[in-house]
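Everything below concerns the one structure shown next.
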There are 2 protein chains.
Amino acid sequence: MAQKPVKETTGERVLRVATELFAEKGYEATGVEELSKSTGLGRGALYYHIKNKQQLLLNIALRLLENANREARRILASGGTAEERLHRMAEHLLTDLSTNRSAWITSMRDWQALDEPYRTHVGHLRNEYEQYWQALFDEGAEAGLFHPVHPMQRRAIVGMFTTSYRWIEPSGSLSPKQISELYVSLFLDGLRKRPSEQA
Amino acid sequence: MAQKPVKETTGERVLRVATELFAEKGYEATGVEELSKSTGLGRGALYYHIKNKQQLLLNIALRLLENANREARRILASGGTAEERLHRMAEHLLTDLSTNRSAWITSMRDWQALDEPYRTHVGHLRNEYEQYWQALFDEGAEAGLFHPVHPMQRRAIVGMFTTSYRWIEPSGSLSPKQISELYVSLFLDGLRKRPSEQA
DNA sequence: TACCCAGTGTACCGATCGGTAGGTCCACGA
DNA sequence: TCGTGGACCTACCGATCGGTACACTGGGTA
């Protein structure tokens, strides 16, 4: 495989520009006219490539979540202890959050703008993603490594990661891997000093 | 003080209904006409009580954050160890999240719809709130109780709490206090079993 | 040359947007 | 009894919304 075609199709370009616009101003606040101007396409040309505005939002969310679930399954099935895979899971999420920040912002913040049944479908994909984390925690607990994780704690942990779209910046001083390690050590080892660690 | 007036003013009612509407459908997606119908007020009457739509959003966020900061200062200055106050801080946040869920949803999700300088102002109030948590962590670290907390970890912890508006329900089986304890034990003690705890 | 059709721009659609003008109603005080 | 002002409603504003109709262009093909 020498090199995939460098040029993105017009449809892909529209989706990319829409992702950035939605992330910046919000889905509802972004007009089709603005998308038209930002892509350099007229209204008619725009609608030649997309079905409607809502499909753009749906595609952004679907692409993001389906990819996340695919990768989560891959990591879950990969070798190593539950803790090792947990680190991988965390690093991958932070990396994805950093590289696809706009799509994460839009998916997390504006998914309620979706009509049924898309909205429910997206919700299911999110639940599915959370279950992969839960599976890892359960594995760790069964192996005697972790304390059992309450579902509400699992939601908090995953939420802690995903809500990072608020401040993550690809140009930040810490790499996604470093940040993920900061997070994992937080909920794995905790902040409290052991008696043996006291100064 | 026998009893505060039971009846809310029309202005307060408008703000309350707007909070619920914004939370349910999103700020941009909620029309003034819908707010008019839900309050039972005509358009003219509505604008007699409010300046414009955006001021509603601003007031929702200001009321929430100013109250949160006031309470945080109070707890920070109250007695006890850093850990004790941390538990109080967490419980208070979860309780507030549970009782004022609609306002939290709107403030967290739609604050970007605010024009400058309001947007920046709200951002500052949020930073202020985070600093009260940071102060508690710093106190605990200085007392030799906690490991030093990286700012990114502090954001993650506070984010873990605030992002709970997504699934918190006042009628849930766990009380805000119970949930807050679940969270605090998570980042204070961690999930990992100590060697002495191994089965 | 004649045709075709993917891709595009322009002009326009009805609906709805946030907001306002101007009048009505009524409780209250002089 | 009249005037005043708070609270309210109806009718309307220009702007913008998402979406469509339709004509046109240009490169490839028969």
Side-chain angles (χ1 to χ4, degrees), chain A residues 5-62 106 109-119, chain B residues 5-62 106 109-119:
Chain A
V6 191
K7 199 71 174 115
E8 62 182 348
T9 68
T10 304
E12 284 164 351
R13 193 173 94 249
V14 170
L15 189 61
R16 178 175 52 80
V17 172
T19 303
E20 288 158 12
L21 248 28
F22 291 168
E24 192 183 341
K25 306 200 16 172
Y27 171 76
E28 300 281 4
T30 304
V32 176
E33 181 58 29
E34 195 171 348
L35 181 54
S36 166
K37 275 182 187 137
S38 293
T39 53
L41 257 36
R43 293 284 277 274
L46 192 57
Y47 273 88
Y48 176 81
H49 294 282
I50 69 173
K51 187 185 163 201
N52 56 34
K53 189 188 172 192
Q54 180 154 165
Q55 286 292 322
L56 282 172
L57 179 58
L58 180 62
N59 285 338
I60 291 168
L62 286 186
T106 306
R109 191 232 282 136
D110 296 335
W111 67 280
Q112 292 180 95
L114 252 19
D115 289 333
E116 296 295 355
Y118 306 119
R119 188 169 149 160
Chain B
V6 190
K7 198 70 171 116
E8 61 182 347
T9 67
T10 304
E12 283 164 352
R13 195 174 93 250
V14 170
L15 189 59
R16 178 175 52 80
V17 172
T19 303
E20 288 159 11
L21 248 27
F22 291 167
E24 192 183 340
K25 308 199 15 171
Y27 171 76
E28 300 280 3
T30 303
V32 176
E33 182 58 27
E34 196 171 347
L35 181 55
S36 165
K37 274 180 185 138
S38 294
T39 53
L41 257 36
R43 293 283 277 275
L46 193 57
Y47 274 88
Y48 176 81
H49 293 282
I50 68 173
K51 186 183 163 201
N52 55 34
K53 190 187 171 193
Q54 180 153 171
Q55 287 291 322
L56 283 171
L57 178 58
L58 180 62
N59 285 339
I60 291 167
L62 286 186
T106 305
R109 191 232 281 135
D110 296 335
W111 67 281
Q112 293 180 92
L114 251 20
D115 288 333
E116 297 295 356
Y118 307 118
R119 187 167 150 161

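By convention in this document, chain letters (A, B, ...) are assigned in the order of the sequence lines, proteins followed by strands, and residues within each chain are numbered from 1. Remember, predicted model here, so these are calculated numbers, not experimental data. Because only heavy atoms are used, hydrogens play no part in the values below, and waters and symmetry mates are left out as well, while side chains stay in.
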Roughly how many Å is it from [atom1] in [X] to [atom2] in [N], rounded to a whole number?
| X | N | atom1 | atom2 | result |
| --- | --- | --- | --- | --- |
| B:Lys51 | C:dG18 | NZ | C1' | 14 Å |
| B:Asn52 | C:dC17 | CG | P | 16 Å |
| A:Gln54 | D:dC17 | CD | C1' | 15 Å |
| A:Tyr47 | D:dG19 | OH | C1' | 5 Å |
| B:Lys53 | C:dT16 | NZ | C1' | 12 Å |
| A:Asp115 | D:dG18 | CG | P | 14 Å |
| B:Glu34 | C:dA15 | CD | C1' | 15 Å |
| B:Ile50 | C:dT20 | CD1 | C1' | 13 Å |

[Y] and [X], any side-chain heavy atoms less than 4.5 Å apart:
| X | Y | result |
| --- | --- | --- |
| B:Phe22 | B:Arg109 | no |
| A:Ile60 | A:Asp110 | no |
| B:Leu56 | B:Leu35 | yes |
| A:Asn59 | A:Ile50 | no |
| B:Thr39 | B:His49 | no |

Are there any protein N/O atoms within less than 3.5 Å of an N/O atom in nucleotides 7-9 of chain C, and if so, which ones and at what distance?
unit_1	atom_1	unit_2	atom_2	d
C:dG7	OP2	A:Tyr48	OH	2.9
C:dT8	OP2	A:His49	NE2	2.5
C:dG9	OP2	A:Gly42	N	2.4

B:Tyr47, OH atom: more than 12 neighbouring heavy atoms under 6.0 Å
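Result for OH/B:Tyr47: enclosed.
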Within the 4.0 Å heavy-atom criterion, would you say A:Thr30 contacts the bases, only the backbone, or no part of the nucleic acid?
sugar-phosphate
